[in-house]
J.: 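Submitted below is the structure of interest, expressed as structure tokens.
Every number for a ligand or one of its atoms is a count from 1 in the order of the listing. In this text the structure is predicted, and so the values were computed from the model without any measurement. Residue numbers count from 1 along this sequence.
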Amino acid sequence: MTAPLLEVSDLTVHYQTGHSTVVGTSGFTVSAQPGEIIAVVGESGSGKSSAAAGIMQLLPGNAESTGSVVLRHDGEEHELVGMPERARRPLRGTALSLVPQATVGALHPTRRVSKQFASLFRAHSVPKDEWTSRGVAALEAAGIADAARVLRSYPHELSGGLAQRVVIGLSQAMSPSVLVADEPTSALDVRVQRQVLTVLSETVRARQAAAIVITHDLGVARYFCDHVAVMYGAVMVEFGPSAAIFDAPSHPYTRSLLSASTARRADSSRPATRVKRRLTEESVAARCPFFDACGHGAGTVCEQGLPGWQELDGGHRARRSCDA
Ligand SMILES: Nc1ncnc2c1ncn2[C@@H]1O[C@H](COP(=O)(O)OP(=O)(O)O)[C@@H](O)[C@H]1O
Ligand code: SF4
Ligand SMILES: [Mg+2]
């Protein structure tokens, strides 16, 4: 097996709010091989965006992160946590790239697509005589047939789906080893979402890059991603190949997430389960994160600290201390 392009170990993000410290994500651990796409799923507030921001090391001023994020790119290894920002900045866009949310704001509205590529290429010292050919190549790689015309266009002249292909082309124009996409398509309609995700996954696999795709759409996790990480209460509670997660979910939270999603399709007014407390380091370490909402109530085992991982078949694992 080749070395993973991304190795995240025990990544923890804390936010300072007033007098308290809130846990955004705790002990997030994942690694991604070339060509691999990993989905991160879970309800709102479960720590998905905190994990993404921690991987990118693009955290708000009140946040602090610990743990390790190792990135391998062009034969070099970079530890992003603790690296000075001036050393990290040039890696973003080249070694590691964020796919922004698919909103109108992802592209600069008054600048031609060519100008947006030019800013990227200038920032990374690409020779000027290569800008047009590399812009066309990046758009073609994102499945755009008339790339030369699209390069000359303004964003408002493009359909939503085409604009998002441009965003994907931009995010991969410097051939980053790792893409991080935080809810990349949630603002688009379902048909366009699937087109965009098809392009994203095909381009990542064709380049043998790796991607972390954060989504609340379980269909995306199931059909576009190789592995799925399930988050609840700032903690990853289950990880495994997509087929194992969807066909044989092990953690009671994953099972409830899957059955809630089936029920929500039938009754859209039904709310999802959600963590109501603000999480502190002590509360995360004290018990199973699903304790308050779990119907299995296995008793004292649930409150003897944060459960460890139970290893199942084929890299599938669940963080629980019960047999429920
Ligand atoms: N900038 C912030 N300041 C304080 N708390 C935050 C901040 N961002 C996120 N949080 C808290 O961190 C937890 C995880 O949030 P987040 O990572 O955004 O989850 P998700 O992306 O799964 O919705 C939540 O309790 C949220 O309130
Ligand atoms: S450890 Fe307890 S609270 Fe956690 S999933 Fe199992 S039964 Fe539920
Ligand atoms: Mg989020």
J.: Of all the heavy-atom pairs spanning Arg149 and Leu162, show the shortest one and how long it is.
T.: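 Scanning both residues, the minimum pair turns out to be NH2-CD2, 4.3 Å.
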J.: So is Pro307 touching ligand 2 or not, going by heavy atoms under 4.0 Å?
T.: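 Pro307: no contact with ligand 2 (<4.0 Å).
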J.: Please confirm whether Glu43 approaches ligand 1 to less than 4.0 Å, judged on its heavy atoms.
T.: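 Yes; Glu43 lies near enough to ligand 1 that a heavy-atom distance drops under 4.0 Å.
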J.: Is it the case that over 12 heavy atoms from other parts of the model lie below 6.0 angstrom from the CZ atom of Phe246?
T.: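 More than 12 heavy atoms, drawn from other residues, nucleotides or ligands, come within 6.0 Å of this atom.
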J.: At a 4.0 Å threshold, what atoms of ligand 2 neighbour a non-hydrogen atom of Ser321?
T.: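 Going through ligand 2 atom by atom, the ones under 4.0 Å from Ser321 are 1 (S).
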J.: Just how far is it from atom CD1 of Ile212 to atom CG of Leu98, taken to the nearest 0.5 Å?
T.: 12.0 Å
J.: Would you mind telling me if ligand 2 is within reach of the side chain of Cys294, the backbone, both or neither, using heavy atoms under 4.0 Å?
T.: side chain
J.: For ligand 2, which atoms, with element, lie under 4.0 Å from some heavy atom of Phe291?
T.: 3 (S)
J.: Please report the interatomic distance OG1(Thr66) to CG(Asp10), rounded to the nearest 0.5 Å.
T.: 7.0 Å
J.: For ligand 1, is any non-hydrogen atom under 4.0 Å from Asn62's backbone (N, CA, C, O), its side chain (CB onward), both, or neither?
T.: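 For Asn62, only side-chain atoms sit under 4.0 Å from ligand 1.
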J.: Inspect the surroundings of CD in Glu64 and state if more than 12 heavy atoms from other residues, nucleotides or ligands are less than 6.0 Å away.
T.: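 Counting neighbours around CD of Glu64, 12 or fewer heavy atoms of other residues, nucleotides or ligands fall under 6.0 Å, so no.
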J.: Could you tell me which atoms of ligand 2, counted from 1 in the order shown, lie closer than 4.0 angstrom to a heavy atom of Cys302?
T.: 1 (S), 2 (Fe), 3 (S), 7 (S)
J.: What atoms of ligand 1 come closer than 4.0 angstrom to any heavy atom of Thr17?
T.: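 Selected atoms, number and element: 4 (C).
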J.: For ligand 1, indicate whether the residue Pro60 contacts it via side chain, backbone, both or neither (heavy-atom separation under 4.0 Å).
T.: side chain
J.: Counting only heavy atoms not in Glu303, do more than 12 fall under 6.0 Å of its CD?
T.: yes
J.: For ligand 1, which atoms sit closer than 4.0 Å to a heavy atom of Gly24?
T.: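 Once the distances to Gly24 are compared, the set is 12 (O), 13 (C), 14 (C).
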J.: To the nearest 0.5 Å, what is the distance between CZ (Arg89) and CE (Met83)?
T.: 12.5 Å
J.: Just to check, does Gly42 reach to within less than 4.0 Å of ligand 1 when the distance is taken from its heavy atoms?
T.: no
J.: Under a plain distance cut-off of 3.5 Å, with no hydrogens placed, do Gln57 and Ser65 share a side-chain donor-acceptor pair?
T.: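 A donor-acceptor contact under 3.5 Å links the two side chains.
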J.: Flag Gly47 as yes when one of its N or O atoms lies below 3.5 Å from any N or O atom of ligand 1, and as no otherwise.
T.: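 Yes.
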J.: Using a strict 4.0 Å cut-off to heavy atoms of Ser44, name the atoms of ligand 1 that fall inside it.
T.: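 Within the 4.0 Å cut-off of Ser44, ligand 1 contributes 23 (O).
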J.: Check ligand 2 against Pro252 and write out every atom of the ligand that is under 4.0 Å from a heavy-atom position of the residue.
T.: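 Reading through ligand 2 atom by atom, the close ones are 5 (S).
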J.: Grab the two heavy atoms, one from Val13 and one from Ala63, that are nearest each other, plus how far apart they are.
T.: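 So the minimum-distance heavy-atom pair works out to CG1-CB, 4.3 Å.
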J.: Just say parallel, tilted or perpendicular for the rings of Tyr253 and His251, cut-offs at 30° and 60°.
T.: perpendicular
J.: Applying a 4.0 Å heavy-atom criterion (strictly less than), which segment of His251 is in contact with ligand 2: side chain, backbone, both, or neither?
T.: side chain
J.: Check ligand 2 against Cys288 and write out every atom of the ligand that is under 4.0 Å from a heavy-atom position of the residue.
T.: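 So the answer, numbered in order with elements, is 1 (S), 3 (S), 4 (Fe), 5 (S).
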J.: At less than 4.0 angstrom from any non-hydrogen atom of Ser50, what atoms of ligand 1 do you find?
T.: 14 (C), 15 (O), 16 (P), 17 (O)
J.: Which of the atoms in ligand 1, numbered in the order shown and given with their element, are less than 4.0 Å from a heavy-atom of Ser49?
T.: 17 (O), 18 (O), 20 (P), 21 (O)
J.: Strictly by modelled atom types, are Ser68 and Glu7 linked by a side-chain donor-acceptor pair under 3.5 Å?
T.: no
